[in-house]
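Worth knowing before you read on, the calculation uses all heavy atoms, side chains too, and leaves out hydrogens, waters and symmetry mates.
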Amino acid sequence: MDLNYLSADEMLGAFRRRELSPVEVLDSLIERVAKTSEVNAVAEEMFDEARDVARAAEARYAGKGPAPRALEGVPVAVKEEMPIAGRSHRLGSLLTEGNVATQTQPMVRRLIDAGAVLHLRTTTPEFSIAVTTHSALWGVTRNPWNLDYSPGGSSGGSGAALAAGLAPLATGSDIAGSIRVPSALCGVVGFRPPYGRVPSLPPTSLDTYCQDGPMARTVTDCALFQNVIAGPDPVDHASVPAAPPLPTTFGSCAGLKVALAVTIGDFPVVPEAAANIERFANALRDAGAEVTPVEIPITRQSIMATAMAHYGLLLGPSVREWAPVDDPRWSRNVLDVVEACGAALENLGALRIVEEEARMHAVLAEIHRDHDALICPTMATTGYPADATVAESVELAEGVRFANLVSQCLTQLFNIASRHPVLNVPSGRAGNGVPTGVQIVARPFDDVTAFRLGAAAEARLGLWSDPDWRPGLAHRG
């Protein structure tokens, strides 16, 4: 039994049967952290505190004290962006030396209350403003499947930790694809819940593009995790009433109507990503779903302009809150993003943002009128160098280049249309060893359908259930 790659569901079953101890699992994961240092996914180790929690969980399963809770004894990696009261809160920046959190992110508090063992915190890019994960504070985080490549961002440390076998569950946040991008590139499952489903802290809780969510290696684990963190919280007045819990067995998806978009608008997609979504679509057909090709008539330029302008409303004031832009501690990466977003806002204007968002909502509503869900690739490419900066162009194929890293992510449309639940599920791997992913986009607040389809495809593709579907951590060079 490889404890480092047990699912949370398998752990919980073994804990209840007294076949395995939370302390044994934690010790194995801690040993694994030391063996995978080249991935560089860990921003902070919390091993001593975690051992205390694991021992308390072991006692509960032995019948000593209160009954075990929903995630009792399950290790969880926490994205460092999420504050934990009394702990350092650096956000990947040299500007935050001495910064200590005064409150705990709601989803982290719910994990603690559910008995999870928080044993490490994961790396992010500076202020989580990138789709790669590197910073002057923590260095370069690498993709366990191919160490030359990025795990994506901004929840790249969480994605890399899951793929490297450092935790069965990890937290993420997503304002432009920051859960789904690393989930796709690391070959794991990531859920961007509908806006309001998972409470957060202001000011990001007030941004309709932004949502915290779960990351895991399996669809079932992602559902277990989501059930713990979902539901209203007084700290977040945008949080919505609780929905019925997600099931952990999803039944048949026979009869569900699925729209297949091999790309979005005029986004060019590399052949391997296109081939893997066709494979994914065929898995759903084999499961009984009716899959029909569609086109999404929204251009890459309009999505990028709208999203970047929206970010421009937020980033300028946020950056000035930390330090003047001429402060040498700022990374060039962040300043380039801020400048680009500011220019997009100036060009588009606030009113046009709303008009473009409304048009995109209408396009998706028309697709979902006749379909229960839409599937499309998560990424237009099969990865980029681990130390790439946001302004670098990336070659997709001969003669086809993207102007920057963000523009190869097919995620931002669904931050704009933020009431749609979006589940990334692995669809295979490319020739460079880096995984590919598919976004399952259900109707607004219909989380169950996204998970039903994800579970059906996962069962037929059989990726994490295959012992050979593991990063070798030996691809570099």
Side-chain angles (χ1 to χ4, degrees), residues 145 180-181 183-191 216-223 249-265 267-296 364 367-368 370-383 396-397 409-411 413-414 420-443 446-470:
W145 295 93
R180 290 160 290 154
V181 170
S183 294
L185 294 176
C186 293
V188 300
V189 178
F191 184 48
R217 286 189 293 263
T218 70
V219 173
T220 292
D221 277 7
C222 206
T249 54
F250 300 95
S252 171
C253 69
L256 288 179
K257 297 181 183 297
V258 179
L260 164 63
V262 177
T263 189
I264 294 175
F267 274 86
V269 171
V270 294
E272 287 172 301
N276 282 347
I277 194 172
E278 293 285 5
R279 178 169 169 255
F280 192 95
N282 287 333
L284 292 180
R285 290 185 179 106
D286 289 345
E290 181 182 325
V291 183
T292 307
V294 300
E295 293 186 359
I296 303 176
L364 290 176
I367 291 172
H368 282 96
D370 298 320
H371 299 91
D372 299 291
L374 163 72
I375 60 172
C376 66
T378 306
M379 300 294 292
T381 185
T382 53
L396 283 178
C409 307
L410 277 67
T411 51
L413 174 59
F414 310 114
H420 291 273
V422 190
L423 184 70
N424 175 86
V425 177
S427 57
R429 278 190 289 171
N432 60 6
V434 175
T436 58
V438 167
Q439 296 179 96
I440 304 172
V441 186
R443 289 171 173 146
D446 182 12
D447 305 18
V448 173
T449 292
F451 276 84
R452 282 178 65 191
L453 290 166
E458 177 184 71
R460 280 152 186 81
L461 295 175
L463 300 179
W464 282 107
S465 61
D466 180 354
D468 292 332
W469 179 264
R470 300 283 188 276

Mark yes or no for whether [X], through its side chain, and [Y], through its backbone, hold a donor-acceptor pair below 3.5 Å.
X: R180; Y: G190; answer: no
X: H371; Y: V258; answer: no
X: N432; Y: T382; answer: yes
X: Q439; Y: P377; answer: yes

[X] and [Y]: which non-hydrogen atoms are nearest, and at how many Å?
X: A450; Y: L423; answer: O-CD2, 3.5 Å
X: D468; Y: R429; answer: O-NH2, 4.4 Å
X: A456; Y: A287; answer: CB-CB, 3.9 Å
X: V188; Y: A216; answer: CB-O, 3.2 Å
X: P426; Y: L461; answer: O-CD1, 3.8 Å
X: C409; Y: F267; answer: O-CE2, 4.1 Å

What distance do [X] atom [atom1] and [Y] atom [atom2] have between them, rounded to the nearest 0.5 Å?
X: R285; Y: R460; atom1: CZ; atom2: CZ; value: 14.0 Å
X: L284; Y: L260; atom1: CG; atom2: CG; value: 9.5 Å
X: L185; Y: T378; atom1: CG; atom2: OG1; value: 8.5 Å
X: L463; Y: W469; atom1: CG; atom2: CH2; value: 4.5 Å
X: T220; Y: E458; atom1: OG1; atom2: CD; value: 6.5 Å
X: D372; Y: I440; atom1: CG; atom2: CD1; value: 12.5 Å

Apply the test side chain to side chain contact (heavy atoms under 4.5 Å, CB included) to residues T292 and D370: give CA-CA distance (whole Å), side-chain angles for both, the deciding distance (0.1 Å), then the verdict. CA-CA 10 Å; T292 307; D370 298 320; over 6 Å; no
For the pair V425 and V438, evaluate side chain to side chain contact (heavy atoms under 4.5 Å, CB included) and give the outcome as yes or no after the intermediate values. CA-CA 5 Å; V425 177; V438 167; 5.6 Å; no
Report the C-alpha distance between F414 and L374 in whole Å, list the side-chain angles of each, state the deciding distance to 0.1 Å, and finish with yes or no for side chain to side chain contact (heavy atoms under 4.5 Å, CB included). CA-CA 11 Å; F414 310 114; L374 163 72; 4.0 Å; yes
With side chains defined as the heavy atoms from C-beta onward, is the minimum distance between [X] and [Y] less than 4.5 Å?
X: V189; Y: D221; result: no
X: F451; Y: P421; result: no
X: V219; Y: F250; result: yes

Looking at residues at least two apart in the chain, or sitting in another chain, which of them share a salt bridge (charged side-chain N to carboxylate O under 4.0 Å, His left out) with D447?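 For D447 the salt bridge (charged side-chain N to carboxylate O under 4.0 Å, His left out) partners, ignoring immediate neighbours, are R197.
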Apply side chain to side chain contact (heavy atoms under 4.5 Å, CB included) to I367 and V441, showing your working. CA-CA 11 Å; I367 291 172; V441 186; over 6 Å; no
Show me, pair by pair, the donor-acceptor contacts under 3.5 angstrom made by side chains of residues 270-281, not counting sequence neighbours?
residue	atom	partner	partner atom	Å
E272	OE2	G431	N	2.6
N276	ND2	T436	OG1	2.8
R279	NH1	S427	O	2.7

